[in-house]
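Read the structure below first, then the notes.
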2 protein chains.
Amino acid sequence: MAKIHEVAAAAGVSISTVSYALSGKRSISPDTRRRIEEAARELDYRPNAGARMLAGRRTQIFALTEPFRADTHAPAHMAFVLATSIAARRYEYDILLLTEEEASAGMRRVASSGLADGVLVLDVAPDDERVDLARRIALPTVFIGVPDDHEGLVCVDLDFEAASALAVDRLADLGHRSIGFVGHPPTSYEKSNFPPRVRRGLEARAAERGVACTTVLPESDGPRRAPVRAAVRDLVEGGATALVLHCDDTSHAVALDELAALGRRVPQDVSVVSVGATFETSSFQPPIDSVPLVPSASCELAVELAMRMVDGGEVPAAVHLIAPEYRAHGSTAPPGGASG
Amino acid sequence: MAKIHEVAAAAGVSISTVSYALSGKRSISPDTRRRIEEAARELDYRPNAGARMLAGRRTQIFALTEPFRADTHAPAHMAFVLATSIAARRYEYDILLLTEEEASAGMRRVASSGLADGVLVLDVAPDDERVDLARRIALPTVFIGVPDDHEGLVCVDLDFEAASALAVDRLADLGHRSIGFVGHPPTSYEKSNFPPRVRRGLEARAAERGVACTTVLPESDGPRRAPVRAAVRDLVEGGATALVLHCDDTSHAVALDELAALGRRVPQDVSVVSVGATFETSSFQPPIDSVPLVPSASCELAVELAMRMVDGGEVPAAVHLIAPEYRAHGSTAPPGGASG
DNA sequence: GCCCGGTATCGAAGCGCTTCGACAACTCGC
DNA sequence: GCGAGTTGTCGAAGCGCTTCGATACCGGGC
C-alpha cells in the first residue's frame with residue numbers, strides 16, 4: 001500500500017505532479033513522467049480508493065442490482081453479470097453487488113452514501129419496484145431490460161420484436177408457409193418482459209408475410225419435458241415445416257431429440273431457428289440457426305450509456321434497442337422434404 | 001446526499017458528537033442521541049463512503065473473486081454468490097465482484113488500492129492460482145472450497161467425507177449391504193476439489209461398515225442422459241439395493257425417472273440418498289433424502305471468519321470443515337422389496 | 001468547600017488524494 | 001530585448017469523515 005508521497009519522493013517531484021502524471025490531466029515533461037511511472041511501478045502504487053473517491057468525486061464503482069427471483073434462470077443471469085463486470089472494467093470501473101431485498105434498499109443506500117457513480121439494473125420485471133426508485137435517486141441508472149412503465153428511464157435491450165421478425169423473414173424467404181412457435185411456459189409471459197415481445201414480433205411478421213403460425217407454450221416440468229415433446233409432435237404433424245424456438249436450452253435439446261425420434265431430418269424435413277437464446281445454439285446436434293440475445297452486447301451498451309451519464313453527457317431517456325443478428329448454422333432450408 | 005455537518009446543525013451539536021452518536025463509540029446522553037438520530041433520519045443521512053474509508057480505515061467492502069470457468073455450474077455458483085452477499089450484509093458489508101481474468105489481477109488491485117477489507121474466494125480449483133496470491137497480499141482472505149495446497153490459508157467447506165459417510169451409515173443402519181454410487185462425470189474429479197472427497201468418504205465408510213459399493217461416473221451429455229440411465233440400470237440390476245447420488249439436478253431427475261421406468265419403487269425396492277447437492281432434493285418426485293451442501297452455511301462461516309480477521313482477531317490458518325446434516329424425506333427404507 | 005472521577009461534548013488533526021491558482025522558466029514575434 | 005503566451009511544476013485547500021485529547025460540568029466523599 002504505497003502512498004503518493006512515497007512515489008513523489010522516489011521520483012523527486014511533488015505529489016501533485018505525481019497525480020497529474022498518472023492521471024494525464026496536465027501536461028508533464030516526458031522525462032518527469034517516465035521517472036514517476038517507474039517509481040509507481042516499482043512501489044506497486046495504486047491510489048487509495050477512499051481518498052480518490054473523496055477528493056475526485058468519482059467512486060469508479062457501478063452498483064449492479066439483481067433481485068435474483070426464484071424463477072430467475074441462473075445460467076443466463078450469470079452471463080449478464082459477467083458481461084456487465086467485463087464491460088465495466090474496460091472503463092476501470094468495479095461492480096458492487098446488490099442482491100435480493102437489498103436490490104431496492106441497496107439502491108437508496110448506495111445513492112445516499114455515494115458508494116457508486118451509477119446503477120445498472122438487471123433481472124427487470126414488468127412491474128419492477130426499482131422503476132420508481134430509479135426516478136427518485138440522483139444517480140445515473142440504466143435498465144438492462146424494459147419494464148412496462150419506462151417513462152423517463154434509460155433502458156437497453158435486444159429488439160426482440162425485430163429478432164423474431166428476422167427469423168420469420170428467413171423462413172418466409174425460403175418458402176415456408178406454415179411455422180410452429182415453441183415458447184416459454186405460460187407464466188413467463190407474465191413475469192418476464194421479453195417473451196411477449198418475441199411472440200408479438202413473430203405473429204405480426206408472420207401475418208404480414210402471409211405465413212401461418214401456430215403458437216404453443218409448453219410447461220417445462222419433469223426431466224422428460226413431455227409437454228415440449230408433445231408440442232413438437234403436434235406442430236410438425238399439423239403441417240408446420242419450420243419451428244421457431246424461444247425456450248430454455250433443455251427444451252431446445254428435447255425438441256431436437258423429438259424431431260429425431262419422429263424421423264424428421266433438420267433441415268431437410270423441418271427447419272429450426274432459435275430466437276432470443278443466451279446459450280450457444282451451434283453446439284446442439286444438429287447446430288441450430290439463431291437470432292441470439294447476446295449478453296455482452298446489452299451490457300456493453302448499458303455500461304457505455306452509464307459512463308456517458310457519469311461524465312455529464314446527454315443520454316436520451318428512452319429504450320435503446322439493439323439490432324438483432326441472424327446467425328446461420330445450417331438448420332434452415334426450403335420446405336419440401338425428400339425433394340429438398 | 002446530506003452531510004454530517006447538516007445533521008450536526010439540525011441537531012444543534014458538533015459533527016464529532018454526531019459521529020459518536022451514530023457509531024456508538026462513545027457515550028452520548030439519551031436526549032442528544034435521540035435528536036441526532038431524528039435529524040439523520042429526516043435528512044436520510046448516510047456517511048459518505050469515500051470519507052468513511054479514508055478516515056475510518058475500513059471500507060466495509062469484501063471482494064468476491066470468482067473466475068467463472070467454462071465448467072462452472074451456474075445455479076450452484078449463483079447460490080454461493082447470493083449467500084455470500086447476504087451474509088456480508090449482516091455485518092453491513094458490501095460485495096465487490098472480481099470476475100474472470102480480474103479474479104486474480106483484481107485481488108492485487110483491490111489489495112493495493114485499499115478498496116476492500118478482505119477477499120472471499122469462490123470457485124476454488126485444486127491448483128488455484130489465487131493460492132499464491134492470497135499468501136502475498138496483506139488482506140484477510142478466506143477460501144470457500146479447499147485447494148490442494150492450502151498451507152497457511154483459511155478455508156471453509158462442507159466436510160464432504162463426513163457427508164458421504166453419513167449417507168453410508170444411514171443405509172448400512174437400515175441393513176443395506178450393497179450400494180451403488182452415481183457420481184459426477186470423470187473430468188469433474190480433476191477440475192473440482194470436492195467430488196473426490198465425496199467418493200473417498202463413501203468408499204472408506206462402506207469398507208468400514210462391510211458394505212459393497214460400486215462406483216459409476218457417467219458422462220452427462222445429451223438431453224436423454226443415456227449414460228446416467230445406463231448407470232442406474234446396471235447398478236440396480238447388479239444387486240444394489242440403495243443408490244447414493246452425487247451429480248447435477250438433471251441427472252438426479254433422470255435417475256429417478258429411470259428407476260420408475262425399471263419398475264423399482266423408492267424406497268420399497270431401492271433407497272436413494274443425495275450427497276453434496278446444492279439444490280432442493282425434496283421437490284423431486286419422489287422427494288429424496290439428502291446430505292446437502294448448504295451454500296449459506298459455508299458463506300456465513302466464511303464471512304464470519306473474514307470479519308474476525310478484519311477486526312484483528314485470531315483465525316487459525318486451517319480448513320474449517322462444516323459438519324454435514326442428514327435430511328430425511330422418506331426415500332430410504334430397509335432393503336427387501338415386496339416385504340418392505 | 002475542594003478535589004476527584006466520571007460523563008457528555010467539542011475542536012482540531014489528519015486520512016490520501018485531486019485540483020486550483022501561482023509562478024518560474026522558456027519560446028516567440030517584432 | 002521586451003512583453004505575451006506557453007509549458008512544467010509546486011504548494012495548499014479541501015473532499016467528509018473518524019478519532020484523539022481537552023474541557024466543561026456534575027455529584028460524592030471528606
Side-chain angles (χ1 to χ4, degrees), chain A residues 1-37 39-40 43-61 92 110-117 310-312, chain B residues 1-37 39-40 43-61 92 110-117 310-312:
Chain A
M1 291 251 265
K3 292 162 197 177
I4 196 170
H5 78 256
E6 303 178 42
V7 178
V13 295
S14 74
I15 62 166
S16 58
T17 303
V18 174
S19 180
Y20 284 125
L22 297 180
S23 74
K25 291 190 180 169
R26 275 198 188 177
S27 64
I28 296 289
S29 73
D31 178 60
T32 309
R33 148 166 287 126
R34 215 211 57 252
R35 284 200 333 274
I36 291 173
E37 280 167 357
L43 295 165
D44 191 32
Y45 168 76
R46 276 181 198 83
N48 178 84
R52 177 132 79 150
M53 288 186 199
L54 188 54
R57 291 108 202 310
R58 266 283 220 303
T59 66
Q60 312 259 78
I61 290 176
E92 314 239 284
V110 156
S112 59
S113 69
L115 220 195
D117 294 335
V310 169
D311 287 337
Chain B
M1 292 250 264
K3 294 164 194 175
I4 197 170
H5 78 256
E6 303 179 44
V7 177
V13 296
S14 73
I15 62 166
S16 58
T17 304
V18 173
S19 181
Y20 283 125
L22 297 180
S23 73
K25 293 190 179 168
R26 274 197 190 178
S27 62
I28 297 289
S29 74
D31 178 60
T32 308
R33 148 166 287 126
R34 216 211 59 251
R35 286 202 331 276
I36 290 174
E37 279 167 356
L43 293 166
D44 191 31
Y45 168 75
R46 277 184 197 82
N48 177 83
R52 177 133 74 153
M53 288 185 201
L54 188 54
R57 299 115 194 315
R58 265 283 221 301
T59 66
Q60 312 261 82
I61 291 177
E92 313 238 285
V110 155
S112 59
S113 70
L115 220 194
D117 295 335
V310 168
D311 287 337

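Throughout, protein chains are lettered first and strands after them, A, B, ... in sequence-line order, and every chain is numbered starting at 1. All heavy atoms count here, side chains included; hydrogens, waters and symmetry mates do not. Because the structure is predicted, anything quoted here is derived from the model rather than measured.
- Every side-chain contact (heavy atoms from CB on, under 4.5 Å) that B/Arg33 has, sequence neighbours left out, goes to B/Ile28, B/Glu37.
- In this structure, A/His5 places its NE2 atom 15 Å from P of D/dG11, rounding to the nearest Å.
- Taking the side chain to side chain donor-acceptor pair (under 3.5 Å) definition, one finds that B/Ser23 meets it with nothing, sequence neighbours left out.
- Summarising the geometry, the separation between CD1 on B/Ile4 and C1' on D/dT19 is reported as 11 Å, rounded to the nearest angstrom.
- Among residues two or more places apart in sequence or in another chain, the side chain to side chain donor-acceptor pair (under 3.5 Å) test is passed with B/Ser19 by none.
- In terms of the salt bridge (charged side-chain N to carboxylate O under 4.0 Å, His left out) criterion, residue partners of B/Arg58 (sequence neighbours excluded) are, by chain and number, B/Asp311.
- Atom CG of B/Leu115 sits about 4.5 Å away from atom OG of B/Ser113, to the nearest 0.5 Å.
- Partners of B/Ser112 under the side chain to side chain donor-acceptor pair (under 3.5 Å) rule, at least two apart in sequence or in another chain, are A/Arg46.
- The minimum heavy-atom distance between B/Val13 and B/Thr32, with the atom names listed, is CG1-CG2, 3.7 Å.
- In this structure, A/Ile36 and A/Ala21 approach most closely via the heavy-atom pair CD1-CB, 3.6 Å.
- A heavy atom closer than 4.0 Å to some atom of DNA chain C occurs in A/Ser16, A/Ser19, A/Tyr20, A/Lys25, A/Arg26, these being the qualifying members of residues 16-29 of chain A.
- Applying a 4.0 Å cut-off to non-hydrogen atoms, the residues of residues 47-61 of chain A that approach DNA chain D are A/Leu54, A/Ala55, A/Arg57, listed by residue number.
- By the side-chain contact (heavy atoms from CB on, under 4.5 Å) test, A/Ala2 pairs with A/Glu6, A/Leu43, A/Tyr45, sequence neighbours left out.
- In this structure, B/Lys3 places its NZ atom 14 Å from P of D/dG14, rounding to the nearest Å.
- Taking CG from A/Asp31 and CZ from A/Arg34, the interatomic distance works out to 5.0 Å, rounded to the nearest 0.5 Å.
- By the side-chain contact (heavy atoms from CB on, under 4.5 Å) test, B/Ala39 is found to be paired with B/Val7, B/Ala10, B/Ala11, residues two or more places apart in sequence or in another chain being considered.
- Here the OG1-CE distance, from A/Thr59 to A/Met53, works out to 5.5 Å after rounding to the nearest 0.5 Å.
- Each end of the helix from C/dG1-D/dC30 to C/dC30-D/dG1 gets its own axis from five base pairs, and the two axes differ in direction by 50°, given to 10 degrees.
- Distance, A/Leu115 CG to D/dC17 C1': 14 Å, rounded to whole Å.
- If you take CZ of A/Arg33 and C1' of D/dT7, they are 13 Å apart, rounded to a whole angstrom.
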Just the atom pairs and distances: protein N or O near nucleotides 24-28 of chain D's N or O, under 3.5 Å.
none

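- With sequence neighbours left out, A/Leu54 forms a side-chain contact (heavy atoms from CB on, under 4.5 Å) with B/Asn48, B/Ala51, B/Leu54.
- Positionally, the nearest nucleotide of DNA chain C for B/Arg35 lies more toward the 5' end than for the other of B/Arg35 and A/Ile15.
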